[in-house]
Amino acid sequence: MHISFQIDTEQGSRQLDTDIDTLIVAGWAGRDHAAIEHHIEELAAIGISRPSAVPLYYRIASNQLTQSRQVQVVGPDSSGEVETFVFAAEGELYVSIASDHTDRKLEAHSVALSKQLCVKPVANTAWRLAEVADYWDELVIRSYIEENGEQVLYQEGPLASLRTPQDLIAGYTNGATMLPAGSGMTCGTVGAIGGIRPAQSFTMELFDPRRQRSLRHHYEVDILPEVA
């Protein structure tokens, strides 16, 4: 999957074009056991079975990655999840923001299939991971949905609550500290405020409090009819 990012650095901005041929969703990536258990119970409330291990690494077809601001899903039962997106290009790691958009109805049957069914929106801006690695835990992910015509805070939490990219990469690669070239990984999410629920408008953000900057992406969901 060929995608382009605007890389914002301390020296200015530049364009990065890259191919992602391996897409990984790191699930159950919480650093705190209590937080993981909360998310497991949150999903169990809507009929989704407990994971076999934590973390888990779901492989998703790379053509499911999209930078479009309009996505299409079948039926009304899907929802977004804000996650950092770490990818390897030009011999180093970069970080952006993505949504692990998932069909919740199918998730009760198979988490892997439910994740594959929906496209994964990703922002068109990114940072060098090296610029934020020293204070990674201070970064904040959040998302907003639209309900009753108003924007509502849906998720918010510091990355200190999640495993670091280095930890997740090591778990996936059996100890390496670098993703293979052309690989991208989403790195876990935080709980939904008020419970998991669908929305046709999703805005996600990665906030850097030290440099007072953000990576943001917004997308609208077009619901296709579920024909029996």
Less than 3.5 Å apart, which donor and acceptor atoms pair up between the side chains of residues 168-175 and the rest of the protein, not counting sequence neighbours?
residue : atom : partner : partner atom : Å
Thr173  : OG1  : Ile169  : O            : 2.8
Thr173  : OG1  : Ala176  : N            : 3.0
Thr173  : OG1  : Ala176  : O            : 3.2

Quiz item: Any chain of hydrophobic side-chain contacts (each under 4.5 Å) joining Met185 to Leu16?
Solution: yes

Quiz item: Is any side-chain heavy atom of Asp167 less than 4.5 Å from a side-chain heavy atom of Arg31?
Solution: no

Exercise. Please list, chain by chain and in numerical order, all residues satisfying salt bridge (Lys or Arg N to Asp or Glu O under 4.0 Å) with Arg142, sequence neighbours excluded.
Key: Glu156, Glu205

Practice problem: State yes or no: do Ile196 and Leu56 share one hydrophobic cluster built from I, L, V, M, F, W and Y residues joined by side-chain heavy-atom distances below 4.5 Å, directly or via other members? | Solution: yes

Self-check item: Thr66 side chain to Ser68 backbone, donor-acceptor under 3.5 Å
Solution: yes

Practice problem: Calculate, to the nearest 0.5 Å, the distance between atoms CD1 and OG belonging to Ile7 and Ser13 respectively. | Solution: 9.0 Å

Practice problem: Sorted by first residue and then second, give each side chain to side chain donor-acceptor pair (under 3.5 Å) pair with at least one member in residues 20-29; sequence neighbours left out. | Solution: Trp28-Tyr58

Quiz item: Looking at Glu83 and Lys115, does any basic side-chain N land under 4.0 Å from a carboxylate oxygen?
Solution: no

Self-check item: Set of side chain to side chain donor-acceptor pair (under 3.5 Å) partners for Glu150, sequence neighbours left out
Solution: none

Quiz item: If you round to the nearest 0.5 Å, how far is NZ of Lys120 from CZ of Phe85?
Solution: 12.0 Å

Quiz item: side chain to side chain donor-acceptor pair (under 3.5 Å) with Ser4: which residues, sequence neighbours excluded?
Solution: Asp17

Exercise. Please report the closest heavy-atom contact between Ile3 and Gln67, naming both atoms and the distance.
Key: CB-OE1, 3.7 Å

Exercise. For residues Gln64 and Gln116, determine if any side-chain heavy atom of one lies less than 4.5 Å from a side-chain heavy atom of the other.
Key: yes

Self-check item: Any residue meeting side chain to side chain contact (heavy atoms under 4.5 Å, CB included) with Asp134, in chain and number order, not counting sequence neighbours
Solution: none

Practice problem: Taking all non-hydrogen atoms of both residues into account, name the closest pair between Tyr154 and Gly80 and its distance. | Solution: CE2-O, 3.8 Å

Quiz item: For the side chain of Ser99 and the backbone of Glu81, is there at least one donor-acceptor N/O pair under 3.5 Å apart?
Solution: yes

Quiz item: Mind checking whether Val71 and Ile223 sit in one hydrophobic cluster, side chains of I, L, V, M, F, W, Y counted as touching below 4.5 Å?
Solution: yes

Quiz prompt | Residues in ring pair (Phe, Tyr, Trp, His ring centres under 6.0 Å) contact with Phe5, at least two apart in sequence or another chain | solution = Phe87

Quiz item: Do the ring centers of His101 and Phe202 come within less than 6.0 Å of each other?
Solution: no

Practice problem: Work out which heavy atom in Phe207 is nearest to a heavy atom in Pro209; give both atom names and the distance. | Solution: O-CD, 3.4 Å

Quiz item: Going by heavy atoms in the side chains, are Leu206 and Leu159 under 4.5 Å from each other?
Solution: yes

Quiz item: Are any non-hydrogen side-chain atoms of Tyr144 and Leu153 less than 4.5 angstrom apart?
Solution: yes

Exercise. For Arg104 and Ser79, test the side chains for any donor-to-acceptor distance below 3.5 angstrom and give the result as yes or no.
Key: yes

Quiz item: Looking at residues at least two apart in the chain, or sitting in another chain, which of them share a side chain to side chain contact (heavy atoms under 4.5 Å, CB included) with Ala181?
Solution: none

Quiz item: Do you know which of Leu139, Ile141, Thr189, Thr84 makes side-chain contact (heavy atoms from CB on, under 4.5 Å) with Leu162?
Solution: Ile141

Exercise. Taking side chain to side chain contact (heavy atoms under 4.5 Å, CB included) as the test, write out the residues that go with Ala88, two or more places apart.
Key: Leu93, Met178, Leu179

Quiz prompt | Residues Leu129, Glu92; criterion side chain to side chain contact (heavy atoms under 4.5 Å, CB included); working and verdict | solution = CA-CA 8 Å; Leu129 182 61; Glu92 68 174 309; over 6 Å; no

Self-check item: Separation between CD of Glu107 and CG of Leu113, rounded to the nearest 0.5 Å
Solution: 11.0 Å

Self-check item: Shortest non-hydrogen separation from Met1 to Asn63 and the atoms involved
Solution: SD-CA, 4.1 Å

Quiz item: Is the side chain of Gln155 donor-acceptor paired with the backbone N or O of Ser143 at a distance under 3.5 Å, no angle test?
Solution: no

Exercise. Hey, could you give me the CE/OG distance between Met204 and Ser96, rounded to the nearest 0.5 Å?
Key: 7.5 Å

Practice problem: Measure the OG-CG distance between Ser183 and Asp19 for me, rounded to the nearest 0.5 Å. | Solution: 12.0 Å

Quiz item: Can you hop from Val132 to Val82 via hydrophobic side chains spaced under 4.5 Å?
Solution: yes

Quiz item: Would you say the side chain of Asp222 lies within less than 4.5 Å of the side chain of Gln72, judging by non-hydrogen atoms?
Solution: yes

Quiz prompt | Qualifying residues under side chain to side chain donor-acceptor pair (under 3.5 Å), relative to Tyr135, sequence neighbours excluded | solution = Asp208, Arg211

Quiz prompt | Any residue meeting side chain to side chain contact (heavy atoms under 4.5 Å, CB included) with Arg69, in chain and number order, not counting sequence neighbours | solution = Asn124, His217, His218

Exercise. Please identify each residue that fulfils salt bridge (Lys or Arg N to Asp or Glu O under 4.0 Å) with Glu41, with sequence neighbours left out.
Key: none

Exercise. Give the minimum heavy-atom separation between Glu220 and Ser201, together with the two atoms involved.
Key: OE2-OG, 3.4 Å

Quiz prompt | Distance in Å, Thr102 OG1 paired with Asp77 CG, rounded so as to fall on 0.5 Å steps | solution = 12.5 Å

Quiz prompt | Nearest heavy atoms of Gln166 and Ala133, plus distance in Å | solution = NE2-CB, 4.4 Å

Quiz prompt | Ser114 and Asp103: side chain donor to acceptor below 3.5 Å | solution = no

Quiz item: Can Val25 be reached from Leu117 by stepping across I, L, V, M, F, W or Y side chains whose heavy atoms are under 4.5 Å apart?
Solution: no

